[in-house]
Number of protein chains: 2
Amino acid sequence: MIHIIILNIFTENSIIFKYSELTFNMLLDMKRKDIDIPTCVHCKNSNGKGLLCCLPESDKQLLSENKCHRYYKKGEVIFLEGNHANGIFCLYKGKVKLVKLGKEGKEQIVRLSKEGDILGYRSLLSADVYQATAVALDDSYICHISKDIFLQTIKSNPTLSFEIIQLLSSDLKNAEQHLINFTQKTVKERISEAILLLASTFGYLIDGKTINIKMNRSEIAEMASTTTESAIRTLSALQEEGMISLNGKYIVIHNMKELIRSTHVND
Amino acid sequence: MIHIIILNIFTENSIIFKYSELTFNMLLDMKRKDIDIPTCVHCKNSNGKGLLCCLPESDKQLLSENKCHRYYKKGEVIFLEGNHANGIFCLYKGKVKLVKLGKEGKEQIVRLSKEGDILGYRSLLSADVYQATAVALDDSYICHISKDIFLQTIKSNPTLSFEIIQLLSSDLKNAEQHLINFTQKTVKERISEAILLLASTFGYLIDGKTINIKMNRSEIAEMASTTTESAIRTLSALQEEGMISLNGKYIVIHNMKELIRSTHVND
DNA sequence: TCAATATTATGATATGTATCATGTTTTTAA
DNA sequence: TTAAAAACATGATACATATCATAATATTGA
């Protein structure tokens, strides 16, 4: 029996174990977990387009000195809907989904995040609880900046406020467009939209057509707000029409033009 | 024949007519249109809780000097989805709906606005086109503040930025909650939600139970994202269950507790 | 005031999609 | 490697709600 006790999820992991019982896989895991995370000053993640990129070096330095980071295994929860926000998360590496719990435990994916994205800022800014649960879609490295430091940085940087406004505006726009999509489109149109969203968010593998994310059918169903069975049927149908092909948990796009058309058949 | 040519909807109405052909109704109309709009300094509309209330008097004065206002008859369009934003609208008096055009011309009400609310700020802030069309639900008086003046005011008032962030955050939260509602709830649950939203937005008449808005069945359908026929049937059902009664275009709430319960039957 | 038009109402039918059932394949863990 | 569990797949059926049709009211404008 191996005992792993995580003492505090927001500071560095503190793990108690017996060395003698470490397996090869655990050692591999630790090696993977042990990567170098640069300071905010040197972080090249969002190519100057990220939320915090507008900050002067001194502020980035301040954030770096006060941030902490953690490794999240695929499937691990980063924060829970209903919990109080006490900082923002910055996704250094990995992929994250934001899910909201609906009725009868049915989940709905409301947003996707990739490297360089900021999570949990909305709840923090409106001093609210998290409105969704963040789950790692892939092994991820995520930095955490405390509430105090972040709010202090906003106060001293009007440009940051403006960046936040831009980000919120764009999220709001997407959310409202989403609403129309989900209420007025068929399952097929919604599944097609979900595939396009995955592609535009996570990009492709080196072949240039396989979407760079492994998602199971029930997760795609959660994106398109339908049942797993309907998602399976619809994906098969799209495959038979030659628009996509299904390679295990990967989706390959073959006919982007037709796929885009199939998102708005009767507009 | 009476010729009315509106030269510019953003400045004061410039109307060309022949005096001899003025009808009694037109004169009445002009009288109604001719109301006193206070300066932003003296505007008591949002009781200190509005977006612009945090501003110092000097800024409010500046806004006032540069604002213009216009009367919108019920049903008139204030701005159109797809048009470029060149200022913000502040609803002095009246009621407004924001509708988005879906497929096959089907409309969807995405937000409601009442006295003191600001409209069109999202598009302005992200230098975007309007994502929805604003239509007066009632005879309304709306002030318009130009882009330049508004952006200038933001720059010199960090508090205003923070207020805008709060507003956007809350809109985003609502939009994402809406998503869950519309995709996972039944027509009956959505219609009940729509009624509650109308009540919480526009309040009641003096009897304390008649919702202070006249809405036809197709507009309620647009709120709940269903068809007019289904809206009619569902409203009748709610009436038969004694939760509401229908008084022409007015809705009277009789059993608020049950109505709230009917918005989340299977949560 | 009255005709024209829009809105409300209600019944019959069609249809997309959820649900249930069952079997196959893939993944996971000992 | 193998058993157990999870994910994928597909068919049959049920059901909510859209669509179509038709009529009764209510509203509007000359």
Side-chain angles (χ1 to χ4, degrees), chain A residues 1-2 21 23-26 28-29 73-75 102-108 137 181-192 194 214-240 244-251 262 265-266, chain B residues 1-2 4 21 23-26 28-29 73-75 102-108 182-192 194 214-222 224-240 244-251 262 265-266:
Chain A
M1 183 68 76
I2 299 167
E21 288 174 358
T23 63
F24 174 74
N25 278 333
M26 280 187 74
L28 196 77
D29 220 50
K73 204 176 162 63
K74 180 177 175 170
K103 67 185 197 183
E104 288 161 57
K106 201 172 165 185
E107 291 185 343
Q108 161 89 44
L137 279 175
N181 290 346
F182 280 11
T183 53
Q184 299 197 4
K185 295 195 174 184
T186 63
V187 166
K188 189 175 176 186
E189 290 166 335
R190 267 142 50 199
I191 291 280
S192 300
K214 278 166 100 169
M215 274 224 156
N216 61 30
R217 307 294 187 261
S218 70
E219 281 175 317
I220 291 170
E222 282 167 22
M223 285 184 73
S225 166
T226 180
T227 58
T228 307
E229 294 96 320
S230 290
I232 288 169
R233 277 182 246 265
T234 311
L235 286 170
S236 302
L238 288 173
Q239 179 167 235
E240 257 165 48
I244 61 168
S245 68
L246 302 163
N247 185 359
K249 294 215 188 325
Y250 283 109
I251 297 173
S262 72
V265 178
N266 297 307
Chain B
M1 184 66 76
I2 298 166
I4 301 185
E21 288 174 358
T23 63
F24 175 73
N25 278 333
M26 281 185 75
L28 197 75
D29 221 48
K73 202 176 162 64
K74 179 177 176 172
K103 67 185 196 183
E104 289 161 56
K106 203 173 164 184
E107 291 184 341
Q108 161 88 44
F182 281 11
T183 53
Q184 299 195 5
K185 296 196 172 180
T186 63
V187 166
K188 190 176 175 184
E189 289 166 336
R190 269 143 48 201
I191 291 280
S192 301
K214 278 166 101 169
M215 274 223 157
N216 62 30
R217 307 296 186 260
S218 70
E219 282 176 317
I220 291 169
E222 283 167 22
S225 167
T226 181
T227 57
T228 307
E229 293 96 321
S230 291
I232 288 169
R233 275 183 246 265
T234 311
L235 286 169
S236 301
L238 288 173
Q239 179 168 234
E240 255 165 50
I244 61 167
S245 67
L246 302 164
N247 185 358
K249 294 214 186 332
Y250 283 108
I251 296 172
S262 72
V265 177
N266 297 306

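Each chain gets a letter, A, B and so on, in the order its sequence line appears, and its residues count up from 1. Worth saying up front: this structure is predicted, and the values here are computed from it rather than measured.
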*Considering only side-chain heavy atoms of A/V187, which listed nucleotide, D/dT10, C/dA18, C/dT10, is closest?*
C/dA18
*Measure the distance from NZ on B/K214 to P on C/dT8 and round it to the nearest whole Å.*
11 Å
*Rounded distance (nearest 0.5 Å) linking atom OH of A/Y250 with atom NZ of A/K214*: 5.0 Å
*Upstream residue (5' side of DNA chain C) when B/L246 and A/K188 are each assigned their closest nucleotide*: B/L246
*asked:* Please report the distance, rounded to the nearest Å, between CD in B/Q239 and C1' in C/dA9.
replied: 12 Å
*asked:* As an exercise, state the distance from CD of B/E229 to CD1 of B/I232, rounded to the nearest 0.5 Å.
replied: 6.5 Å
_Do B/L238 and B/K188 make a side-chain contact, defined as non-hydrogen atoms from C-beta onward lying under 4.5 Å apart?_
yes
*Can you pull out how bent the helix from C/dT1-D/dA30 to C/dA30-D/dT1 is, comparing the axes over its first five and last five pairs, to 10°?*
60°
*Phosphate-side-chain proximity, B/S230 and D/dT17, N/O vs OP1/OP2 below 4.0 Å*: no
*Nearest 0.5 Å please: distance from the OG1 atom of A/T228 over to the CD atom of A/E219.*
10.0 Å
*D/dA14 P sits how many Å from A/E229 CD, rounded?*
17 Å
_N/O (side chain, A/K249) to phosphate O (OP1/OP2, C/dT26) under 4.0 Å_ = no
*Calculate the interatomic distance between B/R217 atom CZ and C/dA9 atom C1'; express it in whole Å.*
10 Å
*Contact class for A/T226 (heavy atom, under 4.0 Å): base, sugar-phosphate, or nothing?*
sugar-phosphate
*asked:* With side chain to side chain contact (heavy atoms under 4.5 Å, CB included) as the criterion, how do B/T234 and B/T226 come out once you've worked through the C-alpha distance, each side chain's angles and the decisive distance to 0.1 Å?
replied: CA-CA 10 Å; B/T234 311; B/T226 181; over 6 Å; no
*Let me know the distance between CG of B/N247 and P of C/dT7, rounded to the nearest Å.*
19 Å
*Between CD of A/Q239 and CG of A/L246, what distance do you get to the nearest 0.5 Å?*
4.0 Å
_Does A/R233 contact C/dT19 through a side-chain donor or acceptor facing the base, at a distance under 3.5 Å?_
yes
_A/T227 side chain, from C-beta outward: closest of C/dT8, C/dT19, D/dT19_ = C/dT19
*Let me know the distance between CD of A/E222 and C1' of D/dA7, rounded to the nearest Å.*
14 Å
*Write down the distance between CD1 (B/I232) and C1' (C/dT7), rounded to a whole number of angstrom.*
8 Å
*Between C1' of C/dA6 and NZ of B/K74, the distance in whole Å*: 13 Å
*asked:* Would you compute the distance between atom CD of B/E222 and atom OG1 of A/T183 and round it to the nearest 0.5 angstrom?
replied: 11.5 Å
*asked:* Under 4.0 Å from OP1 or OP2 of C/dG16: is there any side-chain N or O of A/T186 that close?
replied: no
